[in-house]
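Inspection log for the structure reproduced underneath, given as structure tokens.
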Amino acid sequence: MAQALHWQKSTFSGGAEGNACVELAAAPACIRLRESDSPATHLRTTPIPLAGLLLHLKAGR
């Protein structure tokens with residue numbers, strides 16, 4: 001049986017209700033990301049590549 005994931009909404013989603021949110025969930029051996037308006041589609045990554053992505057996003061690249 002698959003483990004249920006605990007999805008957390010990004011704090012930059014503005015707190016408004018709706019489907020314009022990025023959500024993250026910790027899974028065994030990876031981190032999953034999804035857009036709330038397309039919850040069946042997940043991206044999988046690990047902490048180091050995700051940290052690099054966030055660094056570039058914060059730098060405006």
Side-chain angles (χ1 to χ4, degrees):
M1 185 170 164
Q3 178 183 359
L5 298 173
H6 176 71
W7 292 96
Q8 295 180 315
K9 184 176 15 172
S10 168
T11 57
F12 289 99
S13 295
E17 294 298 319
N19 293 332
C21 308
V22 173
E23 299 174 326
L24 295 131
C30 70
I31 297 171
R32 294 189 184 188
L33 294 93
R34 72 180 184 186
E35 190 171 346
S36 57
D37 65 349
S38 184
T41 303
H42 302 176
L43 297 174
R44 295 179 187 184
T45 189
T46 56
I48 292 172
L50 180 58
L53 173 64
L54 294 174
L55 181 67
H56 285 281
L57 291 172
K58 287 178 182 180
R61 298 182 200 161

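Residue pairs satisfying the ring pair (Phe, Tyr, Trp, His ring centres under 6.0 Å) criterion with at least one member in residues 20-52, sequence neighbours excluded, are listed as follows: W7-H42.
Of all heavy-atom pairs between T46 and P49, the closest is OG1-CD, 3.0 Å.
With a 4.5 Å cut-off on side-chain heavy atoms, L50 and L33 count as touching.
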For residues 22-31, run the donor-acceptor check on the side chains, cut-off 3.5 Å, and write out each pair with its distance to 0.1 Å, sequence neighbours left out.
{"unit_1": "E23", "atom_1": "OE1", "unit_2": "R34", "atom_2": "NE", "d": "2.5"}
{"unit_1": "E23", "atom_1": "OE1", "unit_2": "R34", "atom_2": "NH2", "d": "3.0"}

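Counting non-hydrogen atoms of other residues, nucleotides and ligands closer than 6.0 Å to CG of L54 gives a total above 12.
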